[in-house]
Amino acid sequence: MDDFGSGYSSLGTLSSMPVDVLKMDRSFVMNIDHNDKDFRLVELILNIARNLKMPVIAEGVETENQMTLLKNAGCDYVQGYYFSRPLPPEEFEAFIATN
């Protein structure tokens, strides 16, 4: 489920749709290193996903601190500008080859 926590991607849809992965909306991630309440919400989402045996992808990771907090909280996957901006396929291949 993409952008979990925003729009129509809510808790209610977790039980009514065949969801196997949660992609946590970047709005939850952007202030976790400055706001304890935001970080606690992320932890709650991760706990819900763990209990439902679903991996979580956190989107919008832009800093090393955000990445570390998510990793320590047990987030399965992260994506964002911390690693790279979106790339066309040919640039992605070169990026992977050199990194």
Side-chain angles (χ1 to χ4, degrees):
M1 176 179 294
D2 195 14
D3 295 329
F4 177 75
S6 66
Y8 293 105
S9 301
S10 67
L11 283 175
T13 58
L14 287 178
S15 63
S16 62
M17 295 182 70
V19 177
D20 57 354
V21 176
L22 287 183
K23 190 170 183 185
M24 188 176 1
D25 189 72
R26 69 179 296 279
S27 62
F28 290 100
V29 174
M30 42 191 241
N31 292 317
I32 61 171
D33 49 351
H34 304 293
N35 185 319
D36 191 56
K37 188 183 281 186
D38 286 353
F39 181 66
R40 298 291 170 225
L41 282 171
V42 166
E43 288 183 315
L44 287 170
I45 292 168
L46 292 171
N47 285 332
I48 290 168
R50 256 191 300 277
N51 282 306
L52 296 174
K53 297 181 179 10
M54 289 183 204
V56 175
I57 303 167
E59 65 180 18
V61 177
E62 296 183 355
T63 69
E64 182 176 6
N65 196 34
Q66 290 170 336
M67 186 196 65
T68 301
L69 287 167
L70 289 162
K71 179 181 176 183
N72 291 341
C75 188
D76 302 289
Y77 304 100
V78 294
Q79 73 175 58
Y81 280 23
Y82 174 69
F83 302 100
S84 175
R85 63 178 175 76
L87 300 171
E90 58 281 354
E91 288 182 40
F92 176 74
E93 290 174 12
F95 176 78
I96 293 299
T98 60
N99 293 298

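Residues take their numbers from the sequence shown, with the count starting at 1. Here the structure is a predicted model, which means the values were calculated and not measured.
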> Is a donor on one side and an acceptor on the other found under 3.5 Å between the side chain of Asn35 and the backbone of Asn31?
Replying inline: no
>> Show the nearest heavy-atom pair for residues Gly60 and Gln66, with the distance to one decimal.
In response: O-OE1, 4.0 Å
>> Quick check: closest heavy atoms across Asp20 and Pro55, and the distance to 0.1 Å?
In response: O-CD, 3.2 Å
>> Please find the pair of heavy atoms, one from Cys75 and one from Val56, that lie closest to each other, and give the distance.
In response: SG-O, 3.7 Å
> Can you pull the salt bridge (charged side-chain N to carboxylate O under 4.0 Å, His left out) pairs that have at least one residue in residues 64-78, sequence neighbours excluded?
Replying inline: none
>> Quick one, Ile57 with Val78, criterion side chain to side chain contact (heavy atoms under 4.5 Å, CB included). Give me CA distance, side-chain angles, the key distance, then yes/no.
In response: CA-CA 5 Å; Ile57 303 167; Val78 294; over 6 Å; no
>> Looking at every heavy atom in both Glu59 and Lys23, which two are closest together, and how far apart are they?
In response: OE1-CE, 3.2 Å
>> Restricting to salt bridge (charged side-chain N to carboxylate O under 4.0 Å, His left out), what partner residues turn up for Arg50, sequence neighbours left out?
In response: none
> Other than Ile96, which residues form its hydrophobic cluster under the rule that side-chain heavy atoms must be closer than 4.5 Å?
Replying inline: Leu87, Phe92, Phe95
> Among all residues two or more places apart in sequence or in another chain, which pass the side-chain hydrogen bond (donor to acceptor under 3.5 Å, both in side chains) test with Glu93?
Replying inline: none
>> I need the minimum non-hydrogen distance between Phe83 and Met67, along with the two atoms involved.
In response: CZ-SD, 3.6 Å
>> Rounded to the nearest 0.5 Å, what separates atom CG in Asp38 from atom CD1 in Ile32?
In response: 8.5 Å
> With Pro86, which residues qualify under side-chain contact (heavy atoms from CB on, under 4.5 Å), at least two apart?
Replying inline: Tyr81
> CZ of Phe39 to CG of Leu44: how many Å apart, nearest 0.5 Å?
Replying inline: 10.5 Å
>> Distance check, rounded to the nearest 0.5 Å: Arg40 atom CZ versus Ile45 atom CD1?
In response: 13.5 Å
> Mind checking what makes side-chain hydrogen bond (donor to acceptor under 3.5 Å, both in side chains) contact with Asn65, not counting sequence neighbours?
Replying inline: none
>> I need the Leu70 CG to Phe28 CZ distance, nearest 0.5 Å.
In response: 12.5 Å
>> Starting from Leu22, can I reach Met30 by hopping between I/L/V/M/F/W/Y residues whose side chains sit under 4.5 Å apart?
In response: no
> Roughly how far apart are Gln79 CD and Arg26 CZ, rounded to 0.5 Å?
Replying inline: 11.0 Å
> Distance from Asp33 atom CG to Thr68 atom OG1, nearest 0.5 Å?
Replying inline: 10.0 Å
